[in-house]
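Worksheet: the structure to be examined is printed underneath.
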Amino acid sequence: MIAEVIVDIATSAIDRKFDYLVPERYTSVVQVGSRVKVPFGPREIMGFIVGLKEETDVDIQKQKELMDVVDLHPLLTTEMMELAKWVKQDTLCLEIDVLQMMLPAALRSTYEKVVVLEKPDLIKDEELIALFGSKNFFVLPKDIDSTTVKKLKRLADEGILSFETVMKQKTAVKKIAYLELSQDTTIFQQVKEALTANAKKQLALLDKLASENRTSIAMKEITNEWGFTKAVVDQLVQKGIGTITEKEVYREPVDFQSVEKKSPLQMTEEQQIAYEKVLHSFEQHRAETFLLHGITGSGKTEIYLQMIAHALSVGKQAIMLVPEIALTPQMTERFVERFGSQVAVLHSGLSAGEKYDQWRKIHRSEVKVVVGARSAIFAPFENVGVIIMDEEHESTYKQEDSPRYHARDIAIWRSEYHNCPVILGSATPSLESFARAQKGVYTLLTLVNRPKSQPLPPVQIVDMREEMKKGNRSVFSIDLVEAMRNRFSRNEQVVLLLNKRGYSSFVLCRDCGTVMNCPSCDISLTYHRANERMKCHYCAYENPVPTSCPSCQSDHIRFFGSGTQKIEEEIAKLFPAEKMLRMDVDTTRKKGAHASILQAFGNQEASILLGTQMIAKGLDFPNVTLVGVLSADTALFVPDFRAAEKTFQLLAQVSGRAGRHDKEGNVILQTYSPEHYAIQFSKAHDYQGFYRQEMFYRHEGKYPPYTFIGSIIFSHEDLLSVSDYAMKSVQWLRENLPDSVEVIGPSIASISRLQNRYRYQCLLKYRKDEDVGHLLHQLQNVYKTHYMKNGYHLSITKNPSVLM
DNA sequence: TAGGCAGCAACA
DNA sequence: GTTGCTGCCTAA
Ligand SMILES: [Zn+2]
Ligand SMILES: [Zn+2]
């Protein structure tokens with residue numbers, strides 16, 4: 001038998017199947033989807049079996065046997081392997097990268113080089129002896145200097161030492177030791193009678209066991225809570241009262257006991273209609289995509305819950321995607337309330353072990369519902385009944401680095417595989433999705449009423465130019481200050497949004513204006529207050545903040561925070577009695593900080609929550625009756641065709657935060673461009689109006705959804721080389737692409753240098769994937785054969801979420 | 001002429 | 001991604 005194996009090496013030349021002979025003893029255990037240990041050149045590495053066959057074209061002399069079958073049960077389903085092939089083809093990435101991404105990080109193998117001392121008496125060099133310490137081996141560090149390596153290699157040639165590569169698995173299954181008591185109850189009496197008088201502890205433990213009347217007790221409980229040492233237990237085990245066994249346990253991030261079970265809510269007529277349309281499609285086993293457009297508070301989640309419940313009732317599984325930032329404990333609780341321990345949760349806050357355990361529960365079908373962020377779309381269920389993506393417009397559903405997949409595309413692919421519906425839900429759908437719904441590619445479902453909430457809050461626009469004329473130079477308009485004062489007098493809460501997308505704090509010299517930049521990237525360094533250091537977001541560079549300016553030696557160094565600090569001071573002056581919580585990149589760097597700030601605000605520990613766009617999601621607070629947007633327009637003027645769409649989505653989202661409950665809410669938008677349509681339509685809560693206006697501009701500019709965008713980045717350490725490569729490539733594209741494809745560039749990329757590499761960018765606007773797919777593959781092949789080895793980089797992103 | 005080192009193909 | 005081979009250069 002022959003196994004087709006994709007090996008664990010992420011290089012394009014290796015990213016294909018290799019045939020291995022299956023030794024006789026493994027023929028009954030090898031399965032497609034299992035991992036295997038294989039010889040590859042002089043090494044041993046991990047690989048995935050992607051096929052089994054009886055014959056191979058490979059030279060008989062080249063053929064090798066696989067060494068070991070690692071998994072007795074396949075890790076990857078047939079579906080996942082097919083999906084990986086499609087993702088490779090569609091996003092121009094490596095198949096092995098997709099396969100690795102489908103599995104939890106804990107299953108990834110790592111490789112270590114170990115130096116083993118063979119003849120200890122023949123080694124003279126003191127430095128080398130020190131490396132071994134008292135052992136006869138050491139792990140070769142990655143950053144070891146080359147002279148030491150040379151010395152070691154020489155000794156290896158003489159046979160004094162040898163190099164070995166060790167394959168390691170990161171995290172294993174967690175096991176807990178249990179004392180299993182014997183079934184034979186007479187043994188206890190026998191042992192007890194045979195005890196000598198000085199065996200007081202053993203006697204006490206026997207009595208305790210008798211009083212507990214359990215058959216299995218965790219060793220931890222016996223030692224920590226009952227206060228017996230392991231020696232006492234061991235002695236009794238030796239006398240035959242039972243055995244110590246290891247039991248597999250799951251590291252469980254959700255406490256199911258503490259969550260009260262809840263029944264489905266009565267749906268409104270509008271919800272019922274939407275639900276039944278999906279249900280009909282579900283019953284027909286159709287792979288239909290629904291766009292559920294419902295304003296904030298219109299009850300989309302109840303439709304999700306009931307659809308999932310129905311899928312489970314006929315033995316199917318469900319995948320529920322939520323953007324990472326909205327995946328709060330409150331969010332997951334809603335699912336646990338309905339489905340109890342049938343829910344698995346996957347998000348970035350889990351440890352590697354917890355993620356692995358959640359994944360195993362999914363893989364073994366011990367849970368039926370997955371609630372998770374982007375990567376949860378790869379949940380290895382085998383009988384999916386419905387896939388739901390909440391807030392489908394979120395750009396975080398697109399993975400920024402390879403494999404550059406969009407969760408929406410994966411969702412639709414999987415729905416076709418399982419013949420089940422997909423629900424894309426949003427209050428402000430992406431233009432792409434809404435346009436597809438208009439064309440009938442997706443089925444549009446609309447919710448316009450808010451069953452439990454007040455009508456959408458009135459939005460007031462404050463023209464900050466007028467404030468300037470009145471002589472108010474503060475970031476707070478007179479109206480906003482007045483409204484805030486009014487809320488505080490009623491003991492209500494206020495949310496303030498500082499709309500400064502993408503800005504982080506930087507370090508600047510006040511005398512000459514020099515901004516501290518990364519020496520290897522054309523980007524300013526980010527100031528980290530916690531340790532007084534400056535870091536580069538794009539490479540590993542890190543340095544303490546200088547005491548004097550490197551270009552003019554002045555010591556007037558200033559830090560520009562995300563802007564929230566300055567506003568914090570101003571609030572303290574205006575409302576000295578009010579407590580405030582700040583939420584921005586600085587205060588949420590630590591894991592869990594985000595959730596704890598929101599929780600504190602929910603507990604009324606402060607009356608003001610000030611933050612950047614990250615506050616737009618998450619909890620809804622019943623006591624918040626005013627949302628103030630300090631600078632509604634700053635994101636409008638970034639050079640991105642989605643700027644208006646993103647601004648509208650953000651404003652719509654924060655507006656929904658005010659007055660979701662019995663109290664009436666208000667929104668105040670401060671702006672320097674009150675006439676802009678994104679702001680005007682936000683005020684009117686008019687998605688459709690915004691959609692029509694924005695579609696007009698997209699049509700004018702030939703932007704999505706009228707076209708698709710492809711972004712190609714060329715980079716090299718040498719500026720002239722990369723400009724030459726970019727020019728040649730783009731010229732070739734122009735000559736070979738059909739006229740319907742617009743080729744823009746090449747031009748210097750917006751981040752012109754990254755990790756010491758100069759960057760050029762080219763943009764493609766095309767209408768059909770077939771128009772560019774073939775040529776992009778060809779461009780990549782030319783890159784692999786002629787450019788890659790000379791230090792060039794080529795990166796192709798289809799439908800980038802940001803134009804960088 | 002041995003030793004060293006960069007460049008490169010092969011990995012089943 | 002690594003490895004070991006090849007051919008060229010350099011120091012003795
Ligand atoms: Zn950098
Ligand atoms: Zn200066």
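Quick note on labels: first sequence line is chain A, next is B, and so on, each numbered from 1.
Separating the CG atom in A:Asp90 from the NE2 atom in A:His406 is a distance of 12.0 Å, to the nearest 0.5 Å.
Taking atom CE on A:Met46 and atom C1' on C:dT2, their separation rounds to 18 Å, with Å as the unit. One interatomic measurement links the two molecules: OH of A:Tyr111 to C1' of C:dT2, which rounds to 12 Å at whole-angstrom precision. One can place CZ of A:Phe163 at 11 Å from P of C:dG4, the figure rounded to the nearest angstrom. The distance between atom CD1 of A:Ile14 and atom P of C:dT3, rounded to the nearest whole Å, is 13 Å. For A:Asp15 and C:dG1, the CG to C1' distance is 13 Å, given to the nearest whole Å. As a whole-Å value, the separation of A:Lys153 NZ from C:dT2 C1' is 10 Å. For the pair A:Met167 CE and C:dG1 P, the interatomic distance rounds to 18 Å; values are reported in whole Å. Between the P atom of C:dG4 and the CZ atom of A:Arg43 lies a distance of 10 Å, rounded to the nearest Å.
Ionic pairing of A:Arg374 and A:Glu324 is not present here: no N-O contact between side-chain nitrogen and carboxylate oxygen is shorter than 4.0 angstrom. At a threshold of 4.0 Å, the pair A:Asp8-A:Arg108 does not count as salt-bridged, since none of the basic side-chain nitrogens sits closer than that to a carboxylate oxygen. By the 4.0 Å N-to-carboxylate-O rule, A:Lys361 lies close enough to A:Glu252 to be salt-bridged with it. Classification of A:Glu112 and A:Lys168 as a salt-bridged pair holds, one side-chain N sitting under 4.0 Å from a carboxylate O. Salt-bridge annotation for A:Glu354 and A:Arg251: absent, with no side-chain N of the basic residue lying under 4.0 Å from a carboxylate O of the acidic one.
Counting 5' to 3', DNA chain B first comes under 4.0 angstrom of a heavy atom of chain A and last does so at the ends given by B:dG4 to B:dA12.
For A:Tyr725 and A:Tyr787, the gap between ring centers is short of 6.0 Å. Here A:Tyr20 and A:Phe40 keep their ring centres 6.0 angstrom or further from each other.
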Could you write out DNA chain C as a dot-bracket string, with dots for unpaired bases, | for bases paired across to another strand, and Watson-Crick or G-U pairs counted at under 3.5 Å? |||||||||||.
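Counting any heavy atom pair closer than 4.0 Å across all strands shown, A:Phe40 reaches a base atom.
Enclosure of atom CD in A:Glu382 is not indicated, since only 12 or fewer non-hydrogen atoms of other residues, nucleotides or ligands lie within 6.0 angstrom.
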